Amino acid sequence: MENCRVQKVIIIGAGPSGSIAGALLNNLGYQVTILERQKFPRFSIGESLLPQCMEFVKQAGMMDAVVNAGFQFKNGAYFVHRDQHTAFNFEEKFTDGIGTTFQVQRGRFDEILANEAARMGVSIHWQSEVTAVDFSGDKPKLDVRDVDGNISYLEADFVLDASGFGRILPRLLNLESPSGFPVRKALFGHIEDNIDDAGFDRNKILITVHPEHKDVWFWLIPFSNGRSSIGVVAEADFYPSSGSNETILQDLLNEDDNLHKILKNAVFDDNINAITGYSANVKSLYGKGYALLGNAGEFLDPVFSSGVTIAMKSASLAAAILDRQFKGENVDWQAAYATPLQRGVNTFRVFVDAWYDGRFQDVIFHAKQQPEIKAMICSILAGYAWDEANPYVKNARSRLDTLVELCRAD
């Protein structure tokens, strides 16, 4: 291959998993190049972070930049269904670790992480799209197209795909696999919320179950500047066949009395976007010369805001394994990366399944909640889905099934 430049590690994508992985590897002394198809800032969903995320931000040396950015403080989640309501305060969780986080406009948040990685020494090539890959030789080879259409050729010791929903390597290497979830659709956007309800807590995400349809839900994520992210999630065939995204979203919001009251002064002054069939999976999270991070590997569902947490966890795991591999150890990517990462993903999956069939709703809205059990569930909602000292992580499905039976029998 002519004019091929050799890199140590190439990361595809400068989102949270790419920037965190880049910073961690850079801090270990490795040369890292990030190829990002877009130019930041750019819009993205996944705006209500979990406290577990902050552990990885801290590990990467980016905590000061995030704390000083002025994002909306977040200490928990508030759930509502008709006249039922319950709050989870993340500092009351079972698992040790950071108990607060932020609600962020992802365009700015992702830009801050990327800028911090660059400040540390990571080389970021903006508007650079990977168009072809070859993993058949001793080193991975990538064809990269810049904004002017010029093609360059890069070679690396290892490639991390942090391309998110772009899913570059899954597409180019035919790794995509069905998610197992029904095809759901989200309508979402940012609004000027003008919330004057004294009972509304801007320090928590508000998750509302539709009054008539338990598998349809809304998110309301307040930001620090008087704006909020608003969205609805339902199976694709639930939505009307005609009408604008904004009209459909507003009509659905008005079907819930509490949301109608909270958002009575809201101004819908921005685009309402739609994404359908967002859940994704892959045949393998790694292969010869590469590994998949975050949404490039698997995305479950937005209901518990687990996406960025999983992305950052994958970055932390992958950076540690690569460090061992580069030092000459014979590492087992299945045992050291895919299996432990999947353990937490599967914990989230159990709770996502139970959310949509209504069982988890029966638990969180139960009138006689046991504080010690609530603390264990709170840990998972805070993102600590890898803490096997927590019985609801170690034996997630059987524990939750038993708890549902107890709540329904009470």
Side-chain angles (χ1 to χ4, degrees), residues 43-48 77-86 103 106 164-165 178-191 193 204-222 228-264 266 268 270-281 295 298-308 310 345 348-365 381 400 404:
F43 181 87
S44 179
I45 53 173
E47 299 144 323
S48 194
Y78 197 75
F79 294 86
V80 175
H81 180 220
R82 295 182 180 172
D83 59 349
Q84 298 176 300
H85 52 86
T86 187
Q103 302 187 136
R106 281 286 303 282
F165 290 119
S179 74
F181 283 124
V183 176
R184 295 192 175 100
K185 177 179 178 179
L187 299 180
F188 56 91
H190 290 177
I191 59 173
D193 61 59
K204 292 179 176 64
I205 182 175
L206 173 62
I207 296 177
T208 303
V209 182
H210 189 280
E212 304 299 332
H213 305 278
K214 66 183 180 182
D215 61 338
V216 178
W217 62 278
F218 306 89
W219 77 71
L220 178 58
I221 302 170
S228 285
S229 173
I230 186 73
V232 61
V233 175
E235 291 194 24
D237 58 6
F238 172 81
Y239 294 93
S241 57
S242 61
S244 69
N245 290 342
E246 180 177 331
T247 299
I248 293 170
L249 176 56
Q250 287 187 283
D251 286 348
L252 287 171
L253 289 167
N254 288 332
E255 290 178 9
D256 183 82
D257 291 341
N258 186 55
L259 284 174
H260 177 68
K261 182 182 74 167
I262 291 172
L263 296 175
K264 66 182 185 297
F268 284 69
D270 206 348
N271 290 334
I272 300 300
N273 306 289
I275 181 171
T276 302
Y278 45 74
S279 297
N281 207 341
N295 295 351
E298 181 167 9
F299 182 73
L300 294 175
D301 191 273
V303 64
F304 300 128
S305 306
S306 61
V308 176
I310 293 169
V345 173
F348 282 124
R349 182 183 291 274
V350 167
F351 284 83
V352 170
D353 284 337
W355 171 264
Y356 281 104
D357 66 25
R359 294 180 303 130
F360 187 56
Q361 295 172 32
D362 289 347
V363 168
I364 63 172
F365 293 123
L381 295 178
L400 185 58
V404 170

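Just so we're clear, the structure is a prediction, and the values are computed from it rather than from any experiment.
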So Thr276 and Val183, side chain to side chain contact (heavy atoms under 4.5 Å, CB included) or not? Walk me through it.
CA-CA 7 Å; Thr276 302; Val183 176; 3.8 Å; yes
Apply the test side chain to side chain contact (heavy atoms under 4.5 Å, CB included) to residues Arg106 and Val308: give CA-CA distance (whole Å), side-chain angles for both, the deciding distance (0.1 Å), then the verdict.
CA-CA 10 Å; Arg106 281 286 303 282; Val308 176; 3.5 Å; yes
Step by step, would you call Leu259 with Leu206 a side chain to side chain contact (heavy atoms under 4.5 Å, CB included)?
CA-CA 10 Å; Leu259 284 174; Leu206 173 62; 3.9 Å; yes
Passes side chain to side chain contact (heavy atoms under 4.5 Å, CB included), Tyr239 versus Leu187? Steps please.
CA-CA 10 Å; Tyr239 294 93; Leu187 299 180; 3.7 Å; yes
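Using a 4.5 Å heavy-atom threshold, the side chains of Asp193 and Leu220 count as separate. Using a 4.5 Å cut-off on side-chain heavy atoms (C-beta onward), Ile364 and Trp355 make contact. Using a 4.5 Å cut-off on side-chain heavy atoms (C-beta onward), Val232 and Val216 make contact. Side-chain contact between Val233 and Pro302 is present, with at least one heavy-atom pair separated by less than 4.5 Å.
Closest approach of Asp256 and Val209 over heavy atoms only: OD1-O, 4.0 Å. Residues Ile205 and Gln103 share a closest heavy-atom pair of N-OE1, 3.1 Å. Closest non-hydrogen pair, Trp219 versus Ser229, comes out as NE1-OG, 2.9 Å. A pairwise comparison of heavy atoms in Phe218 and Leu252 identifies CZ-O, 3.4 Å as the closest pair. The two residues Pro240 and Ile248 make their nearest non-hydrogen contact at CD-CG2, 3.8 Å. Contact record, Ser244 with Thr247: OG-OG1, 2.8 Å, taken as the closest heavy-atom pair.
A perpendicular orientation is assigned to the rings of Phe365 and Phe79, their planes being inclined by more than 60° (bins at 30° and 60°). Using cut-offs of 30° and 60° for the angle between ring planes, the Phe188 and Phe43 rings count as parallel.
Between the Lys185 side chain and the Ala234 main chain, no donor and acceptor come within less than 3.5 Å of each other. No donor-acceptor distance shorter than 3.5 angstrom exists from the side chain of Asp362 to the backbone of Val404, with no hydrogens or angles considered. Remark: side-chain polar atoms of Glu235 are not paired, donor with acceptor, to backbone N or O of Arg184 under 3.5 angstrom. Of the possible polar contacts, none joining the Asn271 side chain to the Asn273 backbone as a donor-acceptor pair under 3.5 Å is found. With Glu255 contributing its side chain and His210 its backbone, the two residues share no donor-acceptor pair below 3.5 Å.
Considering OG1 of Thr208 and CD1 of Ile262, their distance stands at 6.5 Å, rounded to 0.5 Å. Note: Gln250 CD to Ile272 CD1 = 7.5 Å, rounded to the nearest 0.5 Å. Within the model, atoms OG of Ser48 and CZ of Phe304 stand 12.5 Å from one another, a figure rounded to the nearest 0.5 Å. Interatomic distance, CG of Asn245 versus CG of Leu249, reported as 8.5 Å (0.5 Å rounding). Atoms OG1 and CD, from Thr86 and Gln361 in turn, are 12.5 Å apart once rounded to the nearest 0.5 Å. Note that CG of Asp257 and CZ of Arg82 are 10.5 Å apart. Values are rounded to the nearest 0.5 Å.
For CG of Asn254, the number of neighbouring non-hydrogen atoms (other residues, nucleotides, ligands) closer than 6.0 Å is greater than 12. Other residues, nucleotides and ligands contribute at most 12 non-hydrogen atoms within 6.0 Å of the NE2 atom of His260.
A side-chain donor from one of Glu47 and His190 sits under 3.5 Å from a side-chain acceptor of the other.
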